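Here the structure is laid out as structure tokens; the discussion comes afterwards.
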Amino acid sequence: MDSHHSHRVDSISIFQEACDRFQSSLSDRQRQQFKRFPDATSMLRSIEAEVKHHPVHKSLLTLCCKKISALSEKLSPFFKVIDILVSSHAEFAAIAWGSVRLVFMLGTNYAEFLERVCELFEAMAMKLPAYQEYYDNINAVVRRRGSQAPSRLLKGMGYIYADLIQFCYDICQIFSRQRSKFLFLRGSFVHSLSRSLFSPFDVRYDSLLRRWDQHQKLVELEMELLANKEQTDTLLKVESMLGQFIIEGGVRTEQNRSSPEEQRPRANQASSSVLDPPSHMVGSIRSHTESKAT
């Protein structure tokens, strides 16, 4: 197994572990309310229906929906990029959308605190890079090369995914009054909180936003590297094509050009064909000359 493949497998395992541990760590009640969604649209439709039928806090919950929608707009192209980098793993996005919805469902009876949570969702959305632009670039690169994008990019996105799942799990435990239950996902922000598990809410998740700042820079640099490699590959192709043109042009030139020694016999042959009449004409010319003489 080559190093690129092993790094890729390790990166995918970050996503897989987050999915598996999140689902297995949910309580029975949470598991009953949890539901997977294939995309953001279906998830948003579900929480909007919940708002319509909620007896109180409709205006506040509607505001929360808008903040979740802002996160969804940035996460949708995120998962489109994941789909390019990791095919046949639609469950990664489905579980993430389901975890966001579970936060909303459990928080509807704590609307004011849910609003603070959704403000964090909105802040997280602002930290995410412009994945739609990156999606177009990565998709074009992968199609042209017929290969995979760098595993470093996938790993960085895996950390962001683990952060999102970890955050949703933490909030679900708060809403369920089960703060004694902790989940420590590999690659997530909780490893920087070993001394602050019981810190105030804003302080606890400030490190998450700082990490997402770093992630944005990481992705931007990775895309620059990808673009530079594309430019280098293109330059090499152009130089190769120019070299081929030069070789082929040289061959054609040599074929069309000949030395003076080669050209002289051709000229003599051409002139002799003009100056010397054909053999069948020689006899008629000679008989005509003789008749004039007599």
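All values derive from a computational prediction rather than experimental measurement.
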Using every non-hydrogen atom in the two residues, find where [X] and [Y] come nearest and quote the distance to one decimal.
X: G158; Y: I14; result: O-CG2, 3.4 Å
X: I165; Y: S99; result: CD1-OG, 3.8 Å
X: K155; Y: S11; result: CB-OG, 3.4 Å
X: C64; Y: C118; result: CB-SG, 3.6 Å
X: A40; Y: S72; result: CB-CB, 3.8 Å

How long is the gap from [atom1] on [X] to [atom2] on [Y], to the nearest 0.5 Å?
X: M105; Y: Q33; atom1: CE; atom2: CD; value: 5.5 Å
X: E122; Y: L63; atom1: CD; atom2: CG; value: 8.0 Å
X: K35; Y: S46; atom1: NZ; atom2: OG; value: 6.0 Å
X: E50; Y: L61; atom1: CD; atom2: CG; value: 8.5 Å
X: R36; Y: Q23; atom1: CZ; atom2: CD; value: 4.5 Å
X: L154; Y: I84; atom1: CG; atom2: CD1; value: 12.0 Å

> How would you list all residue pairs meeting ring-ring contact (aromatic ring centres under 6.0 Å, His included) that involve residues 23-64, not counting sequence neighbours?
Replying inline: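 Sorted result for residues 23-64: F22-F34.
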> Would a distance-only check, ignoring hydrogens and angles, find a side-chain to backbone donor-acceptor pair under 3.5 Å from K80 to Q132?
Replying inline: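 Such a contact is absent between K80 side chain and Q132 backbone.
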> Do any N or O atoms from the side chain of S69 and from the backbone of C65 form a donor-acceptor pair under 3.5 angstrom?
Replying inline: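 Pair absent, no side-chain N/O of S69 close to backbone of C65.
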Side chains of [X] and [Y]: closer than 4.5 Å at any heavy-atom pair?
X: Q214; Y: L218; result: no
X: K74; Y: M126; result: no
X: L209; Y: Y205; result: no
X: D83; Y: F78; result: no
X: L106; Y: I174; result: no
X: E220; Y: Y134; result: yes
X: V103; Y: F175; result: yes
X: Q30; Y: Q173; result: yes

Do you reckon [X] sits in the same ILVMFWY cluster as [Y], going by side-chain contacts under 4.5 Å, direct or chained?
X: F113; Y: F104; answer: yes
X: Y110; Y: V100; answer: yes
X: L44; Y: L60; answer: no

>> As a quick check of understanding, evaluate side-chain contact (heavy atoms from CB on, under 4.5 Å) for H89 and E91, giving each step before the final call.
In response: CA-CA 5 Å; H89 283 285; E91 73 275 12; 2.9 Å; yes
> When you look at S13 and D10, which way does the side-chain contact (heavy atoms from CB on, under 4.5 Å) test go after all the steps?
Replying inline: CA-CA 5 Å; S13 70; D10 182 60; 3.8 Å; yes
>> Does this structure show an ion pair linking K217 with D213, if we count only N-O contacts that are shorter than 4.0 Å?
In response: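 Here K217 does not pair with D213 in a salt bridge, since their nearest N and O are not under 4.0 Å apart.
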> If you measure from the Lys or Arg side-chain nitrogens to the Asp or Glu carboxylate oxygens, is any gap between R31 and D28 under 4.0 Å?
Replying inline: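 Salt bridge between R31 and D28, a charged N being under 4.0 Å from a carboxylate O: yes.
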>> Checking Y161 against C19 for the side-chain contact (heavy atoms from CB on, under 4.5 Å) test, could you report, in this order, the C-alpha distance in whole Å, the side-chain angles of both residues, the deciding distance, and whether it holds?
In response: CA-CA 10 Å; Y161 183 82; C19 290; 3.1 Å; yes
>> Using side-chain contact (heavy atoms from CB on, under 4.5 Å), reason through V219 and L128 one step at a time and then give a plain yes or no.
In response: CA-CA 9 Å; V219 172; L128 287 173; over 6 Å; no
>> Within the 3.5 Å criterion, strictly below it, is a donor on D39 or W97 matched to an acceptor on the partner's side chain?
In response: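 No, no side-chain donor-acceptor pair sits under 3.5 Å.
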>> Y131 vs F79, test: ring pair (Phe, Tyr, Trp, His ring centres under 6.0 Å). Steps then yes/no.
In response: CA-CA 9 Å; Y131 277 109; F79 287 117; 9.4 Å; no
>> On the six-membered ring of F121, is K67 placed so that its NZ or CZ lies under 6.0 angstrom from the centre and within 45° of the ring axis?
In response: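 Not flagged: K67 not positioned over aromatic ring of F121.
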>> Would Q16 and R21 count as a side chain to side chain donor-acceptor pair (under 3.5 Å) here? Give the steps.
In response: CA-CA 9 Å; Q16 195 66 64; R21 293 191 61 195; over 6 Å; no
